[in-house]
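Treat the numbers as computed from the prediction; the structure is a model and nothing was measured. As the structure lists them, so they are numbered: ligands from 1, and atoms in each ligand from 1.
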Amino acid sequence: MLNILIIGAGGREHALAWKFAQDARVGQIFVAPGNAGTAAMQRVRNIPLTRVADLLAFAQKENVGLTFVGAEALLVEGIVDVFQAAGLAIFGPNRQAAQLEGSKRFAKDFMQKYGVKTAAYASFRELDAALAYVQDCAYPTVVKASGLAAGKGVVICQNRAEAEAAVRAMMETRRFGDAGNEVVIEEFLEGYECSLLSFCDSRHIVPLVSARDHKTIGEGNTGENTGGMGVIAPHPRFGDAEMAAFRRDILEPTLKGIIAEGMDFAGVIFFGLMVNARGVYLLEYNMRFGDPETQAVLPLLENELLDAVQAALERRLDDSVFRWQDAHACCVVAASAGYPGEFRTGLPIANLERARFYAQIFIAGARQDCGEMLTSGGRVLNCVGVAPTAEAARQKAYDAIAQVQFDGITYRRDIGL
Ligand code: AMP
Ligand code: GLY
């Protein structure tokens with residue numbers, strides 16, 4: 001029996017634990033730190049550890065045979081290198097490959113070097129040079145903090161004044177700390193977005209089913225950006241022609257670059273795509289599963305995730321490692337009132353049992369307190385409907401979320417429309 005350690009605390013990690021728990025080869029599952037959803041599962045134990053050294057000591061003591069890292073921060077810190085040096089199996093990019101997410105400047109230079117189709121860009125370490133550049137670039141333009149900024153370091157600027165303000169907030173006022181030491185300023189691309197998760201073993205890249213995230217808090221893609229308010233999978237507009245363009249213009253050159261740079265790792269590459277009449281463009285690499293994309297994609301996977309992880313670790317990935325249900329998934333996120341701004345926590349959550357009658361529920365920002373489940377984050381839980389049609393999957397997810405109660409529950413009604 002294989003003991004598995006999953007690192008993270010969101011709905012993504014609950015979905016990963018749920019998937020691994022169905023595998024007869026898996027023994028104990030530990031989630032660090034986990035949430036109320038993973039706490040309630042059979043064979044799953046939450047452990048209150050977040051530092052690399054503590055996680056390593058724990059994995060050694062508890063005979064963990066596989067570690068799966070959910071979120072980006074520890075990957076960029078180099079958790080994969082540390083575990084590998086200790087002889088432990090871990091799925092994720094090493095420190096070098098994690099730079100493809102950890103530094104947008106590094107990622108854009110990589111894309112340019114290997115001919116990956118992406119928006120034109122310039123990068124700056126000096127405030128004055130960045131300010132000079134925005135005086136006569138084309139608008140709208142996109143200003144990005146190069147480092148990790150929890151998805152908040154991207155500003156779409158309509159004119160020079162907005163771009164100047166964005167550059168100053170990052171480089172002068174240091175709104176995102178060291179993440180804004182360097183900025184990338186790039187061409188604004190029209191189109192629709194698509195999330196394409198994949199497994200990579202440095203010799204092959206195998207895509208999972210495509211997904212459409214809904215990033216803004218407001219319906220009709222209005223309002224502030226969030227971590228993601230819902231997903232429909234497969235993506236309703238990303239068809240065979242787009243997939244072929246993606247393989248030719250993005251996947252193949254990325255793989256060539258990974259091989260040429262000697263980035264030897266087994267882990268996830270999540271391609272954030274923009275699709276328009278000129279083709280399929282890469283906005284960014286993430287080197288981990290998406291949240292909430294994972295919650296919609298994993299329920300569509302027919303075989304065990306462990307098959308694909310082991311194939312990747314043994315560098316023998318191929319298209320047969322994923323078998324997909326001929327079905328659609330819709331994930332709707334229930335958030336706290338006020339998110340992505342200020343919100344209250346500690347509010348009791350009711351009627352989850354009734355909601356489970358309609359759809360799969362993955363818990364995100366909630367904790368267990370004396371047998372009661374209380375909100376503890378901005379995105380509280382996910383309702384995931386799976387059905388033969390996208391419309392039926394939506395119906396299940398919305399029937400489920402209509403049951404859930406907590407004070408101020410907020411969700412978009414237009415996921416997958
Ligand atoms: P990123 O973290 O780089 O994916 O950016 C976050 C979001 O900003 C993306 O999901 C897009 O909605 C938007 N975005 C980023 N870059 C561009 C671009 N070049 N053109 C248009 N929108 C963009
Ligand atoms: N849902 C987008 C992300 O995980 O970055």
Side-chain angles (χ1 to χ4, degrees), residues 8-13 15-16 69-73 75 100-108 111 116-123 137-158 163 166 170 176 179-180 183-197 208 210-217 221-233 235 268-276 278-298 331-333 335 340 362 364 378-379 382 412 415:
R12 167 180 54 202
E13 286 74 23
L16 284 164
V69 189
E72 59 274 19
L75 294 170
L100 288 172
E101 172 163 9
S103 165
K104 290 189 191 291
R105 197 266 306 148
F106 178 90
K108 294 292 288 194
M111 293 175 211
V116 178
K117 188 160 175 155
T118 189
Y121 75 105
S123 62
C137 67
Y139 285 94
T141 196
V142 188
V143 177
K144 302 185 175 186
S146 179
L148 291 183
K152 301 193 173 70
V154 174
V155 187
I156 293 169
C157 305
Q158 298 301 334
M170 289 173 195
F176 305 109
V183 299
V184 170
I185 303 180
E186 69 180 38
E187 171 197 8
F188 175 80
L189 296 175
E190 303 272 3
Y192 67 83
E193 291 184 58
C194 175
S195 297
L196 210 52
L197 314 185
L208 283 72
S210 62
R212 166 134 178 55
D213 192 7
H214 297 66
K215 282 187 202 285
T216 64
I217 187 73
N221 298 323
T222 56
E224 275 186 85
N225 263 341
T226 70
M229 292 301 292
V231 170
I232 188 106
H235 193 299
V268 169
I269 305 181
F270 160 176
F271 298 89
L273 306 176
M274 184 71 89
V275 185
N276 62 31
R278 288 185 293 150
V280 179
Y281 288 79
L282 181 63
L283 291 180
E284 61 168 353
Y285 297 112
N286 294 305
M287 301 303 284
R288 36 109 191 144
F289 268 175
D291 187 331
E293 285 89 341
T294 305
Q295 294 91 302
V297 166
L298 286 185
C331 166
V332 181
V333 173
F362 293 123
R379 292 187 294 173
N382 312 280
R412 280 177 60 164
I415 303 303

S.K.: Working to the nearest 0.5 Å, report the span between CD of Glu101 and CD of Glu72.
M.R.: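 Separation between the atoms: 4.5 Å.
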S.K.: Mind checking the CG-CE spacing from Leu283 to Met111? Nearest 0.5 Å is all I need.
M.R.: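 Output value for this atom pair is 8.5 Å.
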S.K.: Please name the residue in the list Leu197, Asn286, Leu298 that meets the side-chain contact (heavy atoms from CB on, under 4.5 Å) test with Glu293.
M.R.: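 Of all the options given, the one that passes is Leu197.
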S.K.: Just how far is it from atom CD of Glu284 to atom CG of Leu100, taken to the nearest 0.5 Å?
M.R.: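 Glu284 atom CD to Leu100 atom CG measures 11.5 Å (nearest 0.5 Å).
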S.K.: Distances under 3.5 Å, N/O of ligand 1 against N/O of the protein: list each pair and its distance.
M.R.:
residue  : atom   : partner : partner atom : Å
ligand 1 : 2 (O)  : Lys104  : NZ           : 3.3
ligand 1 : 2 (O)  : Glu284  : OE1          : 3.0
ligand 1 : 3 (O)  : Lys104  : NZ           : 3.4
ligand 1 : 3 (O)  : Lys144  : NZ           : 2.9
ligand 1 : 4 (O)  : Glu284  : OE1          : 3.3
ligand 1 : 4 (O)  : Glu284  : OE2          : 2.7
ligand 1 : 10 (O) : Glu193  : OE1          : 2.6
ligand 1 : 12 (O) : Glu193  : OE1          : 3.4
ligand 1 : 12 (O) : Glu193  : OE2          : 2.4
ligand 1 : 16 (N) : Lys144  : NZ           : 2.9
ligand 1 : 16 (N) : Glu186  : OE2          : 3.3
ligand 1 : 19 (N) : Glu186  : OE2          : 2.7
ligand 1 : 19 (N) : Glu187  : O            : 2.9
ligand 1 : 20 (N) : Leu189  : N            : 2.8

S.K.: So does Lys117 have more than 12 non-hydrogen atoms from other groups sitting under 6.0 Å from NZ?
M.R.: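 Result for NZ/Lys117: enclosed.
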S.K.: Tabulating one pair per line, provide the atom names and distances (0.1 Å) for every N/O atom of ligand 2 that is less than 3.5 Å from a protein N/O atom.
M.R.:
residue  : atom  : partner : partner atom : Å
ligand 2 : 1 (N) : Asp213  : OD2          : 3.0
ligand 2 : 1 (N) : Gly227  : O            : 3.2
ligand 2 : 1 (N) : Asp291  : O            : 2.9
ligand 2 : 1 (N) : Glu293  : OE1          : 2.8
ligand 2 : 1 (N) : Glu293  : OE2          : 3.3
ligand 2 : 4 (O) : Arg288  : NH1          : 2.9
ligand 2 : 4 (O) : Asp291  : N            : 3.0
ligand 2 : 4 (O) : Asp291  : O            : 3.4
ligand 2 : 5 (O) : Arg288  : NH1          : 3.3
ligand 2 : 5 (O) : Arg288  : NH2          : 3.0

S.K.: Looking just at side-chain N and O atoms, do Asn221 and Arg412 make a donor-acceptor pair shorter than 3.5 Å?
M.R.: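 Side chains of Asn221 and Arg412: pair found under 3.5 Å.
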S.K.: Could you give the distance from CD1 (Ile185) to NZ (Lys144), rounded to the nearest 0.5 Å?
M.R.: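 Answer for the CD1-NZ pair, Ile185 versus Lys144, is 12.0 Å.
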S.K.: Could you tell me if the side chain of Arg379 sits less than 4.5 Å from the side chain of Asp291, heavy atoms only?
M.R.: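 Contact flag for Asp291/Arg379 side chains = yes.
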S.K.: Working to the nearest 0.5 Å, report the span between OG1 of Thr216 and CD of Glu224.
M.R.: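 Here the rounded value is 10.0 Å.
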